[in-house]
2 protein chains.
Amino acid sequence: MATAELKLTKNQRLVLDLLCSSDAPMSAYSILDQLRSEGLRAPLQVYRALDKLIGLGVVHRLESMNAFVACAHPSCHSVEMVGFAICETCGKALEFADNDIAEILSGWASANGFAAKSTSIEIKGTCASCQQAAESASGAE
Amino acid sequence: MATAELKLTKNQRLVLDLLCSSDAPMSAYSILDQLRSEGLRAPLQVYRALDKLIGLGVVHRLESMNAFVACAHPSCHSVEMVGFAICETCGKALEFADNDIAEILSGWASANGFAAKSTSIEIKGTCASCQQAAESASGAE
DNA sequence: TCATTTGTGTAATATTATTACGTAACATAT
DNA sequence: ATATGTTACGTAATAATATTACACAAATGA
């Protein structure tokens, strides 16, 4: 986790550390619940910290889930193109990046006069391990 | 609009026709408000119709906006890969499709053992005409 | 120091989406 | 035609997600 050197406020640090320690994306309200013991009381405190962390590029928002996840590559703070493969079974999100896609998209944007600020790519489906689990379960029936 | 031949129920038809006549994505609740005069009363009626229409591929959900839009290509009912460029100024969404991206993504998926069901790509930014409007406004200040 | 920006805490409220329940319409296979 | 399964409908209540408004405090910088 290369986020230690970031200068963050207490609330921002709490939220980021929690997301880093989670193995799956979390909703704002489950973040809040986890941090009540640390003194957080209201949704806004979480949303404000998330806004800042997203701005810094160390947290991403999964649009299709209303959930948030720590960036898998905290050293490269590129907010430009981020992709996630989200498993609908276990809820985990695999982050990926692809330069070719980024180039195609920016090509499309400039061809259409669209000034792109950020791009999100989200693939929904089933991850490898959940597929295997499903197979062995159906085989064992 | 090549959706006339689709066999839809009354509620589904109402929602689809409204979305087709709208020049921008609509939220479920604004759809509901528009259709109160037609007899719709509860959110669930809208959400059910939307679920069905999305399943048919004639409506898409904009994940980052919690909004819904009629498919720009109602004849090609491919739910596989859909992309939108969403203007944060005027709220309009430009739909696009790109085979190269679809292939890269499915390549990534198979390389990672991920069984993809659906993909959404959403670019946020400013569309050409809103950029021009902003330029002339700042020039006139 | 003064002004500015950034962050904080609290309360209230707005927006989006779902669960639970019972009924009605429709297809279709006997 | 009628029993059966499936799909859709309507209503009410509630859950989940997100924002607005207001007042105050801490850090930043001229």
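Quick note: numbers below take in every heavy atom, side chains included, and nothing from hydrogens, waters or symmetry partners. Since the structure is predicted, the reported quantities are computational estimates derived from the model, not experimental observations. In the text below, chain A, chain B and the rest are named by the order of the sequence lines, each starting its count at 1.
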Can you tell me if [X] touches the phosphate of [N], counting only side-chain N or O atoms and a distance under 4.0 Å to OP1 or OP2?
| X | N | value |
| --- | --- | --- |
| A/Lys52 | C/dG7 | yes |
| A/Asn11 | C/dT8 | yes |
| B/Asn66 | C/dA17 | yes |

- Task: To the nearest Å, give me how far apart CG (B/Asp51) and P (C/dT19) are.
- Result: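 Going from B/Asp51 (CG) to C/dT19 (P), I get 11 Å.
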- d(CE, B/Met65; P, C/dT16) in whole Å: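 Atom-to-atom, B/Met65 to C/dT16, this comes out as 10 Å.
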- Got a donor-acceptor contact below 3.5 angstrom from the B/Gln131 side chain to the A/Gly113 backbone? yes
- Message: Could you check whether any side-chain N or O of A/Ser136 sits under 3.5 Å from a backbone N or O of A/Gln132, counting only pairs where one atom can act as donor and the other as acceptor?
- Response: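 Judged by distance alone, yes, a pair lies under 3.5 Å.
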- Give the first and the last nucleotide of DNA chain D, reading 5' to 3', that has any atom under 4.0 Å from a heavy atom of chain A. D/dT17 to D/dT28
- side chain to side chain contact (heavy atoms under 4.5 Å, CB included), paired with B/Phe68, selected from B/Val15, B/Ile54, B/Leu62, B/Val46: B/Ile54
- Item | Distance, nearest 0.5 Å, that separates SG of A/Cys130 from NZ of A/Lys92 |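 Between atom SG of A/Cys130 and atom NZ of A/Lys92 there are 7.5 Å.
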- Message: For the CG atom of A/Leu14 and the CD atom of A/Gln45, what is their distance to the nearest 0.5 Å?
- Response: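 Those atoms lie 10.0 Å apart.
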- Query: Between B/Lys124 and B/Glu122, is the closest basic N to carboxylate O distance under 4.0 Å?
  - Reply: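 No, no charged N to carboxylate O under 4.0 Å.
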- Message: Less than 4.0 angstrom from a charged side-chain N to a carboxylate O is my criterion; do A/Arg36 and A/Glu38 meet it?
- Response: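 No, A/Arg36 and A/Glu38 are not salt-bridged.
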- Message: What's A/Arg61 touching, base or sugar-phosphate or nothing? Going by heavy atoms closer than 4.0 Å.
- Response: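 Counting heavy atoms under 4.0 Å across all strands, the contact made by A/Arg61 is with sugar-phosphate only.
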- Message: Angle between ring planes, B/Trp108 versus B/Phe114, binned at 30° and 60°: parallel, tilted or perpendicular?
- Response: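 The arrangement is tilted - the two ring planes meet at 30° to 60°.
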- What parts of residues 26-50 of chain A reach DNA chain C, counting only heavy atoms under 4.0 Å away?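 Those residues are A/Arg41, A/Ala42, A/Leu44, A/Gln45, A/Arg48.
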